[in-house]
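None of these values were measured; they are calculated from a predicted model.
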Amino acid sequence: MDDLRIYKLREAGNEAIREYLTQKSISTGMSQIDKVLDGGVEAGNFYLWLGAAKDGKSTTLRCLGLALAQNFPVLYVNFEQLARNVFAKLYQQAYGISLREEVHKDLNNSFANVLKLPDRSFYIAFWTDDLETKRFNTEICAKLLKSIEWMREQDKDKRTPVIIMENLSDIYNERANGQDNMTNVVTQTAQDIKNFCIKHEVSIFLAHHTNKLTPGQQRPSLDDVRDSKRVCDLAHSIFTAFKRQEVDKKTGMVTRETRHLAYLAGRGSGDYQEWSVHVKGLTMELL
């Protein structure tokens, strides 16, 4: 059969080499992350990007996406809020002002500020606003594929974009293997996303929620992942954004708060690694 690809061991080796020759690691634009990932992002995988509410998950993802988009097309997909509000977050991050307020206060300045934003291949999906149901189902897969094909046509080198997708919890499938308990639902949804990456040779940074650090906890762990820890087994590599607080022992008041990003585990190189995060506008520095 023409579609049955089966190779004897040595032939399989030759085929694997041919396929590797067509694939190149995609630089994230951030040397520390590229180093952990042995050169960059590999097509056919999803990379888990964890974080608790208000701990910097989305901020660091936006910075990562814009750094990546300096040299490679990126599609940013958010299922949690309206697309205009997703852009407004970027606008506020860049200029420190609310886009909604600025539009009504000084429309000309709003347009002028938009023109000052980096001219990069960073695309925001507005089609999420039109979805009737938000599950990782055939409708979303079809929209993603159509977006990928359109972006390939826009790209002079016809490259498949890297997808940044928020959040896993917003697109849980209803059932998994006939069971509707949370662990099965979350695991099956993550498995469907992984299968999508493999089938279509696409890379996805997938955001997911964790719990905040407990008092006295100095660094996050995979035990902090919400709903199902089995999703971690499906990811290529796992990163997490978090805040660490210093508390005055006498008053119990927070005296200092610092932002961090960590590589927790996965098929990247080395063990746990951690960086201090410094965000300035739409750029992020890891120290």
Side-chain angles (χ1 to χ4, degrees), residues 23-72 74 76 93 162-168 190 193-194 197 203-226 228-247 256-287:
Q23 296 292 329
K24 292 183 179 179
S25 294
I26 303 164
S27 172
T28 62
M30 309 201 72
S31 60
Q32 297 91 334
I33 296 178
D34 283 351
K35 186 176 180 180
V36 165
L37 296 180
D38 295 324
V41 180
E42 182 184 3
N45 296 298
F46 81 83
Y47 299 81
L48 205 56
W49 200 270
L50 303 172
K54 308 299 183 183
D55 269 10
K57 175 177 81 272
S58 296
T59 299
T60 53
L61 260 184
R62 289 192 289 266
C63 289
L64 175 74
L66 284 161
L68 206 160
Q70 292 180 90
N71 300 302
F72 207 87
V74 174
Y76 194 95
Q93 191 172 324
V162 172
I163 298 173
I164 294 178
M165 196 157 65
E166 295 192 281
N167 287 290
L168 177 60
I193 291 171
K194 182 173 183 177
C197 291
S203 306
I204 292 179
F205 277 90
L206 179 64
H208 189 38
H209 295 294
T210 62
N211 298 315
K212 288 184 177 291
L213 295 185
T214 58
Q217 183 182 0
Q218 284 300 300
R219 76 184 213 186
S221 74
L222 296 181
D223 291 333
D224 300 318
V225 178
R226 287 188 183 175
S228 171
K229 298 175 182 63
R230 289 167 62 187
V231 68
C232 297
D233 298 330
L234 297 170
H236 178 282
S237 296
I238 305 159
F239 296 85
T240 182
F242 65 100
K243 290 179 181 177
R244 185 176 288 137
Q245 295 181 336
E246 294 180 11
V247 180
R256 187 167 179 258
E257 187 174 74
T258 53
R259 181 179 286 176
H260 303 267
L261 181 71
Y263 166 73
L264 282 181
R267 294 191 291 278
S269 60
D271 299 319
Y272 179 93
Q273 296 187 48
E274 181 182 311
W275 307 277
S276 296
V277 175
H278 299 272
V279 175
K280 184 177 181 180
L282 297 175
T283 61
M284 171 173 68
E285 186 179 13
L286 302 180
L287 301 174

Which pairs would a plain distance check flag for residues 35-46, meaning a side-chain donor or acceptor within less than 3.5 Å of a matching protein atom at least two apart in sequence or in another chain?
residue: Asp38; atom: OD1; partner: Ser269; partner atom: OG; Å: 3.4
residue: Asn45; atom: ND2; partner: Glu42; partner atom: O; Å: 3.4

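Within the model, atoms OG1 of Thr28 and CG of Asn71 stand 10.5 Å from one another, a figure rounded to the nearest 0.5 Å. The structure places CD of Glu166 at 8.0 Å from NE2 of His209, a figure rounded to the nearest 0.5 Å. Atom SG of Cys197 sits about 11.5 Å away from atom NE2 of His236, to the nearest 0.5 Å. To the nearest 0.5 Å, atom NZ of residue Lys194 and atom CG of residue Asp233 are 9.0 Å apart. To the nearest 0.5 Å, atoms CG (Asp34) and CD1 (Ile26) are separated by 10.5 Å. Rounded to the nearest 0.5 angstrom, Phe205 CZ and Leu64 CG are separated by 5.0 Å.
Residues forming a side chain to side chain donor-acceptor pair (under 3.5 Å) with Tyr47 (at least two apart in sequence, or on another chain): none.
Just one of Thr240, Asn167, Thr60 meets the side chain to side chain donor-acceptor pair (under 3.5 Å) condition when paired with Trp49; it is Thr60. Between Thr59 and the options Lys54, Arg259, Met284, a side-chain contact (heavy atoms from CB on, under 4.5 Å) holds for only Arg259.
By the 4.5 Å heavy-atom criterion applied to side chains, Arg219 and Arg244 are counted as neighbours. Taking the side chain as every heavy atom from C-beta outward, Glu285 and Trp275 never approach each other to under 4.5 Å. In this structure, the side chains of Val225 and Ile238 stay at 4.5 Å or more apart for every pair of heavy atoms. Side-chain atoms of Arg226 and Asn211, non-hydrogen and from C-beta on, do get closer than 4.5 Å to each other. Between Leu222 and Lys229 the shortest side-chain heavy-atom distance does not fall below 4.5 Å. The side-chain heavy atoms of Ile33 and Phe239, taken from C-beta on, include a pair separated by under 4.5 Å.
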Inset, instruction - Report the C-alpha separation of Gln93 and Val279 in whole Å, then their side-chain angles, then the decisive distance to 0.1 Å, and conclude whether the side-chain contact (heavy atoms from CB on, under 4.5 Å) test is met. - result: CA-CA 9 Å; Gln93 191 172 324; Val279 175; 4.1 Å; yes
Legend entry - side-chain contact (heavy atoms from CB on, under 4.5 Å) between Tyr76 and Arg62, intermediate numbers included: CA-CA 8 Å; Tyr76 194 95; Arg62 289 192 289 266; 3.5 Å; yes
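Applying the salt bridge (Lys or Arg N to Asp or Glu O under 4.0 Å) rule to pairs touching residues 207-217 yields Asp55-Lys212, sequence neighbours excluded.
Between Ala235 and Arg267, the shortest heavy-atom contact is O-NH1, 3.7 Å. Here the closest heavy-atom approach between residue Met165 and residue Ile193 is recorded as CE-CD1, 3.9 Å. Nearest approach of Val277 to Leu261, heavy atoms of both residues: CG2-N, 3.4 Å. In plain terms, the two heavy atoms of Tyr272 and Pro220 that are nearest each other are OH-CD, 3.9 Å. Contact detail for Gln32 and Leu286: the closest heavy-atom pair is NE2-O, 2.5 Å. The shortest heavy-atom contact between Leu68 and Ser27 is CG-O, 3.7 Å.
A donor-acceptor contact closer than 3.5 angstrom links the side chains of Thr258 and His260.
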